[in-house]
2 protein chains.
Amino acid sequence: MYIFAKMNFQMAKKVSISDIAECLGVSKTLVSLVINGKAEQYGINAQTKKRVLDKVEELNYRPNLLAQGFRTGKTNTIGVIVSDIANRFYSRIARKIEDLAWKNGYSVVICSTDENVDKELQQIKLLQERKVDGLIISSSQLDAEFFNTLNDAHFPHVLIDRRFENMTSSSVVIDNQSGAQMAVNHLISQGYRKIGMISITPQHISSIRERVHGFYQAMELAELEVNPLWNIDVPFDNMENEIRNSLQQLHSQHNLPEAFFTLNNNLTSTCLMQLRELSVKIPSDVALIGFDDVLYFDFTNPSITAIEQPVDLISEQAFNLLLKQIKKNDVTKEERSICLPISINIRESTIKR
Amino acid sequence: MYIFAKMNFQMAKKVSISDIAECLGVSKTLVSLVINGKAEQYGINAQTKKRVLDKVEELNYRPNLLAQGFRTGKTNTIGVIVSDIANRFYSRIARKIEDLAWKNGYSVVICSTDENVDKELQQIKLLQERKVDGLIISSSQLDAEFFNTLNDAHFPHVLIDRRFENMTSSSVVIDNQSGAQMAVNHLISQGYRKIGMISITPQHISSIRERVHGFYQAMELAELEVNPLWNIDVPFDNMENEIRNSLQQLHSQHNLPEAFFTLNNNLTSTCLMQLRELSVKIPSDVALIGFDDVLYFDFTNPSITAIEQPVDLISEQAFNLLLKQIKKNDVTKEERSICLPISINIRESTIKR
DNA sequence: TCGATTTCCTAAATCGTTTTAGATTTTTGT
DNA sequence: ACAAAAATCTAAAACGATTTAGGAAATCGA
């Protein structure tokens, strides 16, 4: 089956275009043109073309993509920057992007930032130096100005999941505010009144901020009071401990709310785990609803109600936008800024029995 | 904070080493040497050095990594090939590798193969053409001969999770057979006798084969009969349906075993889901133990007993082996073949009440 | 048969960096 | 003051591809 492939590797010495040219007594130009499928266009004799292609096969020529990229400025590579590729949300996004990239002849370089500005900046820089053709990024801490500058420089890029006000760059996000409202309204419809929220720092991440905003708005519309003690805000890198501590404290003071709204899948998991450790019953003691659904929320005990994001769609739209930029097709201002709808998956964790 | 960075991007025109040289009236060589920290080594005047570095700063010179890689043959990039980056096991592996790579100045290109030989071959080829410095790969369908050839060609690479007999390449795997035996023995110790197994095709994947082997061995040692009807084997790309069908059939025939051993985390999740749909009680009707532990098995209903793989360790060892190859440090035959121990996390799904 | 066309091909420049092999200038010792 | 040694620096080649601008040979039309 792959005997052919094996041979490929064996002879991995290094055959260049010049070698082929020399072998056949023709010019490098000729060989290059044939290899790049420009034979017809340049009126190259069909027989000569065949001779070249045969030789390419025979010597198992393999292009040096570095040389090619260096010369042409195109690398057929795109960068993907997210906070953590091990987070299920991002790994699914990355996977989908990878698939689309593969189908379109692109490779993907993936970087995790851990929500760290410096790392994010360094990574963008590095990817640029590597001359990636474009970038799909879920930015932690940069801002509109930064990306506008990038945009002015015509560096193809699309922001996902998070974006900034007054940004001219392309972006694909979801309707976080509606999602949060939907979550809170669902809780309210189930009769919960004392509602807490578990969110994550840095709060200026747009998705988080919008969810927070949606939460407050829904609470206000329902004329419910927001109790600051029930709003637990934890840092990205010490989530577990801080959630544990806060919940323990509230629990020992018999001051837990009736329900918690958690702002991402990690927070939801962690919260679930910690509530269990405290033997707090869900949903009878405290209900739980999370932003961002994950396969296994369906079979946890109890199963967890969550706002679902259209992961595949996000990736598709982002990739398409990026490709358009790379191919220099222009995109109207409206098309550049995509906001996708969310949905809710209602499960046991919010259903009063 | 990142005003400096912003400026960097603004002037993203393209400043080359020649520009700097010209600007200062010195040679490209000089500039290159200074930039590469070889000033002292080449006895370059300290003042001249400073002038160069200042200019580099002033013009915001950024190296063209393609040109550099093209010239030197080193790209400071490694490839990671796995079957599916969205699978939690691999996304964790990838994340850890990425971290290690970052600390060592490498970037990571990630590829998913979907257990498809052709795709895998194409990806290896592509990564080679891109001149990655090395490869960490969980190979689906290639064989010892292939990798030996790669090894003979001195292309740095490390296999993880799966390996082949008589392979000279480096590899980091876990003790699958012991893991499987441990799983089966645990079931037996809990009093289960009728034990089934859910595995995945292609079966020649070494990790799967070894797990299967461990299963049979443990059964044999315990003098238990293996019922072929309880051995469900499903293809990678139609897992869910096939598991559903098989379980439904067994269920309708009242012929379910007392326990199932599932060979990877996806199979475990799917099996759990389907058993639930059939309203089969775990563990009272059927117990469940899985190979490869995942965070959430701890809070599913019931929580699931699983064999845990030392994910971080696998990544670390693999990366170290790769780095040694890249740096041309030699590694003894023994060091090249690493097998890590596994452990078991016992939870509700296998505890008879 | 001869100029114009068409057909087919190529020399050489170029991308940005590293590195080899040596050149130039300064300093030193006597 | 002059050769040798030391201190600084540089020209040019090389990596492997693409592309520009054009050249040689064959064919055509009259």
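The figures here come from the full heavy-atom set of this structure, side chains too, leaving out hydrogens, waters and symmetry mates. Keep in mind the model is a prediction, meaning the values are calculated, not measured. First the proteins, then the strands, lettered A, B, ... as listed; each starts at 1.
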(request) Identify, with sequence neighbours excluded, every residue that meets ring-ring contact (aromatic ring centres under 6.0 Å, His included) alongside A:F70. (result) B:F70
(request) Assess whether salt bridge (Lys or Arg N to Asp or Glu O under 4.0 Å) is satisfied between A:E40 and A:K49, documenting all intermediate values. (result) CA-CA 9 Å; A:E40 278 68 37; A:K49 175 180 164 185; 3.3 Å; yes
(request) Identify which one of A:V158, A:L313, A:V172 satisfies the side-chain contact (heavy atoms from CB on, under 4.5 Å) criterion when paired with A:I338. (result) A:V172
Using the 3.5 Å cut-off, write out each protein N or O paired with an N or O of nucleotides 26-29 of chain D and the distance between them.
none

(message) So, using salt bridge (Lys or Arg N to Asp or Glu O under 4.0 Å) as the criterion, who are the partners of A:K324 when residues are at least two apart?
(response) none
(message) By the 4.0 Å heavy-atom rule, please label B:K131 as base, sugar-phosphate, or nothing.
(response) nothing
(message) What I want to check is whether the side chains of B:R130 and A:T75 have a donor and an acceptor closer together than 3.5 Å.
(response) no
(request) Kindly indicate, with the supporting measurements, whether the criterion side-chain contact (heavy atoms from CB on, under 4.5 Å) is fulfilled by A:I78 and A:L322. (result) CA-CA 9 Å; A:I78 66 170; A:L322 188 67; 3.8 Å; yes
(request) Taking side chain to side chain donor-acceptor pair (under 3.5 Å) as the test, write out the residues that go with A:S18, two or more places apart. (result) none
(message) Tell me the interatomic distance from B:Q47, atom CD, to C:dT26, atom P, rounded to whole angstroms.
(response) 14 Å
(request) Find the distance B:Q41:CD to C:dT20:P and express it as a whole number of Å. (result) 11 Å
(request) Give the rounded distance in Å between these two atoms: CD1 of A:I35 and C1' of D:dT19. (result) 15 Å
(request) May I have the distance from A:K38 (atom NZ) to C:dT10 (atom C1'), rounded to whole angstrom? (result) 16 Å
(request) Using the side-chain contact (heavy atoms from CB on, under 4.5 Å) rule, pick out the option among B:T113, B:D114, B:N116 that qualifies with B:S83. (result) B:T113
Sort me out a list of protein N/O and nucleotides 5-9 of chain C N/O pairs below 3.5 Å, or just none if empty.
unit_1, atom_1, unit_2, atom_2, d
C:dC9, OP1, A:T48, OG1, 2.8
C:dC9, OP2, A:N45, N, 3.0
C:dC9, OP2, A:T48, OG1, 3.3

(request) Start with the C-alpha gap between B:I314 and B:D161, add the side-chain angles, then the distance that decides, and say whether side-chain contact (heavy atoms from CB on, under 4.5 Å) holds. (result) CA-CA 8 Å; B:I314 294 174; B:D161 189 42; 6.0 Å; no
(message) Tell me the interatomic distance from B:I20, atom CD1, to D:dT10, atom P, rounded to whole angstroms.
(response) 14 Å
(request) Return the minimal non-hydrogen interatomic distance between A:I124 and A:I81, and the atom names on each side. (result) CG1-CD1, 3.7 Å
(request) Start with the C-alpha distance between B:S138 and B:R162, add both sets of side-chain angles, then the distance that settles side-chain contact (heavy atoms from CB on, under 4.5 Å), and finish with yes or no. (result) CA-CA 6 Å; B:S138 170; B:R162 303 156 178 192; 3.4 Å; yes
(request) For A:K74, report the nucleic acid contact type (base, sugar-phosphate, nothing); a contact means any heavy atom under 4.0 Å. (result) nothing
Filtered N/O pairs between nucleotides 13-17 of chain D and protein, under 3.5 Å:
unit_1, atom_1, unit_2, atom_2, d
D:dA14, N3, B:R71, NH1, 3.1
D:dA17, OP1, A:Y61, OH, 2.6
D:dA17, OP1, A:N64, N, 3.1
D:dA17, OP2, A:I17, N, 2.6
D:dA17, O5', A:Y61, OH, 3.4
D:dA17, N6, A:K28, NZ, 3.3

